[in-house]
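Each residue takes its place number in the sequence, starting with 1.
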Amino acid sequence: MAQTKNTVEIVNKIEINGRPEVLFDSIPDAEKKRIVLIMNERIMKPIGYQRKTS
């Protein structure tokens, strides 16, 4: 009996401002950085973390 190898592929997609989902890897680096900062703030703020600005 031949064994088959199960593989899992993780694909990160993101929906921005109601537009259709796109692959996160297809977004330009500057846009990725902006998105990641926004996501990080939205995750951290409810648990009490705040960004320090100089």
**OP:** Assess whether side-chain contact (heavy atoms from CB on, under 4.5 Å) is satisfied between Val22 and Glu15, documenting all intermediate values.
**Re:** CA-CA 7 Å; Val22 295; Glu15 178 186 315; over 6 Å; no
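- Heavy atoms of other residues, nucleotides or ligands lying less than 6.0 angstrom from CD1 of Ile10 number 12 at most.
- With contacts defined as side-chain heavy-atom distances shorter than 4.5 Å, the pair Val11/Leu23 qualifies.
- Here the side chains of Ile16 and Ile27 are in contact, with some heavy-atom distance below 4.5 Å.
- Ile14 contributes atom CD1, which lies 8.5 Å from atom CD of Glu31 (distance to the nearest 0.5 angstrom).
- Contact annotation: the side chain of Phe24 never approaches that of Lys13 to less than 4.5 Å [non-hydrogen atoms, C-beta and beyond].
- The closest side-chain heavy-atom distance from Arg34 to Leu37 is not below 4.5 Å.
- Counting only heavy atoms from C-beta outward, the side chains of Ile43 and Tyr49 never approach each other to under 4.5 Å.
- With a 6.0 Å radius and a threshold of 12 heavy atoms from other residues, nucleotides or ligands, Met39 has its CE atom at or below the threshold.
- Separation of atoms CG (Asn40) and CZ (Arg42) is listed at 12.0 Å; rounding is to 0.5 Å.
- Taking a 6.0 Å sphere around NZ of Lys33, one finds it holds 12 or fewer heavy atoms contributed by other residues, nucleotides or ligands.
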